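Keep in mind it's a predicted model, so treat the numbers as computed, not measured.
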Amino acid sequence: MGAFKYILKNEREIYKNKERKAALLLELTKQPAIVRIEKPTRLAKAKTLGYSAKQGIIVVRARVGKGSFRRNRPVHARRPSKTALILNYKPSKLKIAEERVKRVYKNMKPLGGYFLADNGKYKWYEIILADKNKLNK
């Protein structure tokens with residue numbers, strides 16, 4: 001576990017260094033919402049979720065919008081009892097990202113995901129997927 005400690009330390013440095021984080025965010029904003037990537041950005045976190053560099057396991061980066069579910073206020077003569085403007089939507093942003101990725105990669109099963117970065121408008125997650133056929137063998 002000696003090398004793992006240094007990998008984890010390097011990942012923490014990315015988020016402490018403002019210039020490296022800004023460069024990462026600039027790269028992320030130019031990409032589409034769902035992108036397959038070669039290697040995970042946070043290797044230590046990916047390893048804990050079951051990532052290994054072999055056939056049948058891929059990493060996908062997903063972008064999810066920030067903010068909560070908003071409902072318009074009713075504009076009628078009477079005031080309904082359910083006039084709540086903002087409702088808390090139950091699933092987390094990570095679960096929403098996993099569902100979106102699952103729709104694109106239908107033959108893959110998500111092993112897990114982790115937070116990558118965020119700005120004022122979006123949150124990015126990396127989802128680890130495994131091929132269903134290779135898992136059974």
How long is the straight-line distance from CG of Asn10 back to CZ of Arg12, given to the nearest 0.5 Å?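 The distance works out to 11.0 Å.
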Transitive ILVMFWY side-chain link [X] to [Y], under 4.5 Å:
{"X": "Phe4", "Y": "Leu49", "result": "no"}
{"X": "Tyr125", "Y": "Ile57", "result": "no"}
{"X": "Val64", "Y": "Val59", "result": "no"}

Would you name the heavy atoms of [X] and [Y] that are closest together and state the gap between them?
{"X": "Ala97", "Y": "Ile127", "result": "CB-CD1, 4.3 Å"}
{"X": "Ala44", "Y": "Leu8", "result": "CB-CD1, 3.7 Å"}
{"X": "Gly65", "Y": "Lys93", "result": "O-NZ, 3.4 Å"}

Using atom types as modelled, flag every donor-acceptor pair under 3.5 Å from a side chain in residues 24-39 to any protein atom, sequence neighbours excluded.
unit_1, atom_1, unit_2, atom_2, d
Thr29, OG1, Leu25, O, 3.1
Thr29, OG1, Leu26, O, 2.9
Gln31, OE1, Arg61, NH1, 3.0

Atom pairs and distances, side-chain donor-acceptor, residues 113-121, under 3.5 Å, sequence neighbours left out:
unit_1, atom_1, unit_2, atom_2, d
Tyr114, OH, Glu126, OE1, 2.3
Asp118, OD2, Lys66, NZ, 3.4
Asn119, OD1, Lys121, N, 3.0
Asn119, OD1, Tyr122, N, 2.8

Could you go through the side chain to side chain contact (heavy atoms under 4.5 Å, CB included) check for Ile58 and Leu129 one step at a time? CA-CA 5 Å; Ile58 64 168; Leu129 300 165; 3.9 Å; yes
Show your working on side chain to side chain contact (heavy atoms under 4.5 Å, CB included) between Tyr51 and Leu111 and close with a plain yes or no. CA-CA 8 Å; Tyr51 171 78; Leu111 295 178; over 6 Å; no
So do Ile128 and Pro40 actually touch side chain to side chain, heavy atoms under 4.5 Å?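 They are not in side-chain contact.
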